[in-house]
Amino acid sequence: MTTEEVHIHMLISMPPDVAPVKLINTLKSQLSKEVRIKYREHIEKFLWGDALFWSRSYFCATTGSVSLETVKKYI
């Protein structure tokens, strides 16, 4: 098994009635479309056809037990 070398950390504030999976799926879909348009020639070297741009996985955590400043320093 291998791990991804590149990942993104994001600090997001969202209403409690929004499911994190919906937010993540929307972000990944929109970013994939924009990157494929803007960097098409570069990414074609690495992706073929309808290959997935993003891994299907993600990690989501709350920040309730630490200060916002601590989270910002980590990110």
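Residue numbers run from 1 in the order of the sequence given.
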Point to revise | Distance (rounded to the nearest 0.5 Å) between Tyr58 OH and Met10 CE | key: 13.5 Å
Check your understanding: Taking only residues two or more places apart in sequence or in another chain, which ones pass side chain to side chain donor-acceptor pair (under 3.5 Å) with Glu41?
Key -> none
Only pairs under 3.5 Å count here: list side-chain donor-acceptor contacts from residues 11-29, not counting sequence neighbours, and write none if there are none.
| unit_1 | atom_1 | unit_2 | atom_2 | d |
| --- | --- | --- | --- | --- |
| Asn25 | ND2 | Val21 | O | 3.3 |
| Thr26 | OG1 | Lys22 | O | 2.9 |
| Lys28 | NZ | Ser55 | O | 2.6 |
| Lys28 | NZ | Ser57 | O | 2.8 |
| Ser29 | OG | Asn25 | O | 2.9 |

Donor-acceptor list for residues 67-75 side chains, cut-off 3.5 Å, not counting sequence neighbours:
| unit_1 | atom_1 | unit_2 | atom_2 | d |
| --- | --- | --- | --- | --- |
| Ser67 | OG | Thr70 | N | 3.1 |
| Ser67 | OG | Thr70 | OG1 | 2.9 |

Point to revise | Residues that His9 engages under side chain to side chain donor-acceptor pair (under 3.5 Å), provided they are two or more places apart | key: His7
Review point. Hey, any chance Leu31 and Ile43 share a hydrophobic cluster, counting ILVMFWY side chains that come within less than 4.5 Å of each other, even indirectly?
Key: yes
